[in-house]
Amino acid sequence: ADVRWTVLAANYYFNYTGEGYYDFWDYDWSSYEGEPFYGRYGEVILEKEGKTDSQGRAILEVSADLSKDGQSRLYTIEAVVRDINGQEVAGRTEVIVHQGKFYVGIRPEDYVGQAGKSASFNLITADWQSNAFPNQKLQVVFNDHQWNCALETDVETGNKSWGCHVKDTLVDQKEVTTDSKGLATVSF
């Protein structure tokens, strides 16, 4: 029978279900990472046609490539099989392609900082099932992330619009190792 595959890829965000609240989302609001938006299932990364074998089976191999974003992806794989009468049957499955063996979460000890005083952050390393992934060496980087916004004039049209430019300045960096429970604290 004829078979048609479609593979879609969307960003995958780790859903931590362990104890405490940690942010595992490394989203840079100033990068416009969400552009363009492809919908719930993401963008089409592969379309292929083939035939089933004499036992009605077909195999599709898809390489998991995370080089575009450097983050985990959710692959949706759809197959449509058409029999000799032109009738179609479809199926779909999802596969998570993890960016590593564990995820790193962070949360501030205080949500409001004060100039001249240390700011501390709790870190956690968790496996794909939200269990502790202990004894991991982490490199932590602290940046001053400044948005510089101003009213700009388009040189071609003369129209004015707000434009923002981002500047990151390294404040500090530290190396820490999580303990037997996958926890660590770091401050600057």
Side-chain angles (χ1 to χ4, degrees), residues 8-43 45 62-76 93-152 161-188:
L8 300 101
N11 291 339
Y12 172 77
Y13 303 101
F14 178 58
N15 182 24
Y16 177 68
T17 58
E19 192 174 314
Y21 172 78
Y22 293 88
D23 188 352
F24 289 85
W25 195 21
D26 188 19
Y27 185 81
D28 180 359
W29 291 98
S30 58
S31 72
Y32 306 103
E33 290 177 359
E35 309 283 326
F37 180 69
Y38 294 101
R40 185 222 181 292
Y41 296 104
E43 63 183 308
I45 60 169
V62 179
S63 53
D65 183 8
L66 301 178
S67 63
K68 180 180 174 185
D69 316 280
Q71 79 171 65
S72 300
R73 304 281 278 169
L74 178 65
Y75 281 26
T76 301
T93 191
E94 292 180 334
V95 177
I96 300 168
V97 181
H98 296 282
Q99 66 186 7
K101 293 181 179 182
F102 64 92
Y103 286 90
V104 179
I106 187 168
R107 73 172 181 216
E109 286 192 355
D110 297 305
Y111 284 90
V112 177
Q114 186 174 355
K117 292 194 176 184
S118 289
S120 296
F121 300 85
N122 298 311
L123 305 170
I124 188 169
T125 48
D127 68 13
W128 303 342
Q129 289 78 36
S130 298
N131 299 313
F133 202 89
N135 308 314
Q136 297 305 306
K137 191 178 288 187
L138 304 174
Q139 182 71 30
V140 182
V141 177
F142 298 98
N143 282 312
D144 178 8
H145 188 76
Q146 292 183 7
W147 289 68
N148 301 305
C149 300
L151 196 56
E152 299 174 346
S161 63
W162 282 96
C164 293
H165 305 280
V166 175
K167 179 183 176 190
D168 282 327
T169 304
L170 179 67
V171 174
D172 200 358
Q173 58 186 30
K174 305 246 174 122
E175 191 173 276
V176 297
T177 302
T178 58
D179 64 15
S180 61
K181 295 180 181 177
L183 302 173
T185 300
V186 65
S187 62
F188 77 95

Nearest-0.5 Å distance, [atom1] of residue [X] to [atom2] of residue [Y]:
X: Gln146; Y: Cys164; atom1: CD; atom2: SG; result: 12.5 Å
X: Asn148; Y: Lys167; atom1: CG; atom2: NZ; result: 8.0 Å
X: Leu123; Y: Thr178; atom1: CG; atom2: OG1; result: 9.0 Å
X: Asp179; Y: Ile124; atom1: CG; atom2: CD1; result: 9.5 Å

Would you be so kind as to tabulate the donor-acceptor pairs closer than 3.5 Å made by side chains of residues 95-103, with sequence neighbours excluded?
unit_1, atom_1, unit_2, atom_2, d
His98, ND1, Tyr103, OH, 2.8
Tyr103, OH, Ser72, OG, 2.6

Looking at [X] and [Y], what are the two nearest heavy atoms and their distance?
X: Leu170; Y: Asp172; result: CD1-O, 3.6 Å
X: Val176; Y: Ala184; result: CG2-CB, 4.3 Å
X: Gly18; Y: Ser130; result: N-CB, 3.7 Å
X: Ala150; Y: Trp162; result: C-CE3, 3.2 Å
X: Tyr22; Y: Leu183; result: OH-CD2, 3.7 Å
X: Leu66; Y: Arg73; result: CD2-CG, 3.2 Å

Step through the shown structure and confirm whether more than 12 heavy atoms of other residues, nucleotides or ligands are within 6.0 Å of CD on Gln139.
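Yes, the 6.0 Å shell around CD holds more than 12 heavy atoms from other groups.
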Any donor and acceptor pair, going by atom type alone, linking the side chain of [X] with main-chain N or O of [Y] inside 3.5 Å?
X: Asn143; Y: His145; value: no
X: Thr76; Y: Leu8; value: no
X: Thr185; Y: Asn122; value: no
X: Lys174; Y: Ser187; value: yes

Side chain to side chain, Ile45 and Tyr75, heavy atoms closer than 4.5 Å
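Sidechains of Tyr75 and Ile45: in contact.
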Hey, does Val186 have a side-chain heavy atom less than 4.5 Å from the side chain of Phe142?
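Yes. Closest side-chain heavy atoms under 4.5 Å.
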Only pairs under 3.5 Å count here: list side-chain donor-acceptor contacts from residues 108-121, not counting sequence neighbours, and write none if there are none.
none

So among Tyr12, Tyr13, Phe14, which one has a ring pair (Phe, Tyr, Trp, His ring centres under 6.0 Å) with Phe24?
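The single option meeting the ring pair (Phe, Tyr, Trp, His ring centres under 6.0 Å) with Phe24 is Phe14.
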What verdict does the side chain to side chain donor-acceptor pair (under 3.5 Å) test give for Ser63 and Asp65, after you've listed the backbone C-alpha separation in whole Å, the side-chain angles of each residue and the deciding distance to 0.1 Å?
CA-CA 6 Å; Ser63 53; Asp65 183 8; over 6 Å; no
